[in-house]
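These notes concern the structure reproduced below.
A quick note: this is a predicted structure, and the numbers were derived from the prediction, not measured. Chain A is the first sequence line, chain B the second, and so forth, proteins listed ahead of strands; every chain is numbered from 1.
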There are 2 protein chains.
Amino acid sequence: MLNFNFYNPTEVVFGKGQMKQLDGLVPKNSRILITYGGGSVKKFGTLDKVIDELKKSNREIFEFGGIEPNPQFETLMKAVKLVRENKIDFILAVGGGSVMDGTKFIGIASCKDEYIGKEEKLLTQGMISVDKTIPFGTVVTLPATGSEMNNGGVISNGENKLAIFSKKSFPIFSILDPELTYTLPKTQVANGVVDTFIHTVEQYVTYPVDAKFQDRTAEGILQTLVEIGKETIENPTNYDARANLVWAATMGLNGLIGSGVPQDWSVHMIGHEVTAIFGIDHAKTLAAILPATWKIRKTEKFEKLLQYAERVWDIREGTNEEKVDLAILKTEEFFQSLGITTKLSDYGIKEDNINRIIDSLKSHGMVKLSERGDQTLEITREIIIKAL
Amino acid sequence: MLNFNFYNPTEVVFGKGQMKQLDGLVPKNSRILITYGGGSVKKFGTLDKVIDELKKSNREIFEFGGIEPNPQFETLMKAVKLVRENKIDFILAVGGGSVMDGTKFIGIASCKDEYIGKEEKLLTQGMISVDKTIPFGTVVTLPATGSEMNNGGVISNGENKLAIFSKKSFPIFSILDPELTYTLPKTQVANGVVDTFIHTVEQYVTYPVDAKFQDRTAEGILQTLVEIGKETIENPTNYDARANLVWAATMGLNGLIGSGVPQDWSVHMIGHEVTAIFGIDHAKTLAAILPATWKIRKTEKFEKLLQYAERVWDIREGTNEEKVDLAILKTEEFFQSLGITTKLSDYGIKEDNINRIIDSLKSHGMVKLSERGDQTLEITREIIIKAL
């Protein structure tokens, strides 16, 4: 096992009707900004429920909607202005990963007075040292990103991405009521299943360091997703299936399974470029790039792939090579069973688009990827070709 | 899955040589009380290492040793006096569960000015409302109790026990260096394995609520203990085996696997009485009472016992009844393989001692135990007879 620090102070408030705890969780006599996305939280009444709860105590409530998927710097800076002008002292993010990630940026940027007027600089250096943020909580309406129980976030400025990562940027609390996610489009739920699956394997299918708890827990998340993935897409109001997705999604990216083990994240790095250039959903890019990565990097990841085959898919027959190949096949079939293709070409991406992706990776310094830092751009090119 | 709140702000600092982070974790310019137990931390140099680190910054350091197993109110009140007289503002517990539990009490009691002179009252009502404590961290020398990453503690006043449980009584940080545990006597390591195993099953072998992550994670801890238990007792300096025990012990009782599921704890309730009356090690009482409980309560726990048999012990042959019986047998054989008997009679406890245990349970209000509260004293008596 590798050395690690694990710290996660977010209070998770999980289950049916837990919105009723909101009034007790948000400071009284405060000035609250509610942040949200495209309006589905309005359409389906979640925002009204939130406001009703907040009004149970003396609070001044402000709203900022319109945070887009892959939240944009421009948009978020408007919220920063609102926070400063109205002396907001608590932010409540109501939505999915983009709203939560965006809110983390809003909270930090609002405290960076030295950057007023030159906020662009935050994109390059501003996030490096974070000593202060506006405290915030979340009400989660979309399971997938884990942002509700971690201190990370990704925001976009055109094709450029900024990663937020600070001990200060954990939510104070996150309300996870699976029933709030019933109204999600099937495709977004499918994305959530795949995204969680790949968050988990990026921290698990690397090389062995005999971290038994971390491995067993990662395998438990993957087995859970295989068991409930199709069911929770087809029957969104099956409470237990959805509850198991929501909790697995949170546990897959709250730092626990990644503590004391190597981590890869190359699939995400490539996927982010594909999303930025072609506008394909994050999870859908991952579903194509992961199996391709395992096929090209089979030797480097062989021991963990074999463990994955035997423990997650219970494959007990055949040679080790056959077990690994079958596990990769079953992974592709699993994604496909959720209605997600594992071929980038199905999105119209062709061989002559690859240079653009590679150039973009190069311009972002992603020239040596994987848990060993040995995945060169040449290998990445092979992977993308395999993913077409 | 049941509704739950999960909150755990303790920073875990895990691994070889992590003591070097201590100076950065403990407040500078502070007045520190180091609490410890019987002196093995002195004998093996851990205390000196701690003091050397603390002296790297300006701190006034005080010491309080002699906290006994099952820490006593009388002893701890001496430390409370020391804290008040010397205006201690941070406590560092160096030791195992008793030292950490005792330190939680010391921190809380020291802030209860309204109880000065009548501290006995703390035993009955003082812990109920905890609004303040002296902040504390821990350096763990004995894996087992999970106290390093939870807010619970048990202190003793003769045969009476007081449970501490407050959102304020989490350690700020806990340093978990497996190498610091190499010098433990084999029997204490064996106790740690069994204690962790039973902490886990008390939160797992109840009735099913389709909490897949929690179940898989509990099973992962149990499988880990089965894999490394004997090895880490026989070869204490096998780093990976010991590291896996230490992390499993922490994760078994930090609230995670118990979130959203029913919990039993009847084995602990009975075991506490046996320890208080006969002075038998906590874990050793559990090793005898658990299998007896499963034999007597097989019907009530059948579904989870079957899942336990199939997933933890990989039992695939035979009828469900046979699978469960074999799993209980394998559990007993596992404890015995660690050098721990599963019969209370091996400690000289006889049938005519049982009334004393039952009376003690009655006097402590333990008349309806188990996850359903349906384990009457009559059933408990059967269990103890079976455990002889």
Contact class of A:Gln21 relative to chain B, heavy atoms under 4.5 angstrom: side chain
Point-to-point distance, once rounded to the nearest 0.5 Å, from CG of B:Leu54 to CG of B:Leu92: 6.0 Å
Taking every heavy-atom pair that is under 4.5 Å apart, which of A:Thr217, A:Asp210, A:Asn244 has the most such pairs with chain B? A:Asn244
Looking only at heavy atoms and a cut-off of under 4.5 Å, which of A:Tyr239, A:Phe213, A:Phe173 has the most pairs with chain B? A:Phe213
Counting only heavy atoms closer than 4.5 Å, note whether A:Ile175 contacts chain B via side chain, backbone, both or neither. neither
Above 12 or not: heavy atoms from other molecules or residues under 6.0 Å from NZ of B:Lys20? yes
Anything under 30° is parallel, anything over 60° is perpendicular, the rest tilted; go ahead and classify A:Phe335 against A:Phe197. perpendicular
The interface call for A:Leu176 against chain B, heavy-atom contacts under 4.5 Å, is neither
Measure A:Ala243 against the heavy atoms of chain B and call it side chain, backbone, both or neither at under 4.5 Å. both
Between A:Glu310 and A:Lys323 (salt bridge meaning N to carboxylate O under 4.0 Å), is one present in this structure? yes
Counting only heavy atoms not in A:Lys56, do more than 12 sit closer than 6.0 Å to its NZ atom? yes
Where on A:Met251 is there a heavy atom nearer than 4.5 Å to chain B: the side chain, the backbone, both, or neither? side chain
Taking the six-membered ring of A:Tyr7, is the NZ or CZ of A:Lys167 close enough (under 6.0 Å from the centre) and on axis enough (within 45°)? yes
Under a 4.5 Å heavy-atom cutoff, which of B:Met149, B:Glu227, B:Arg316, B:Lys16 has the most pairs with chain A? B:Arg316
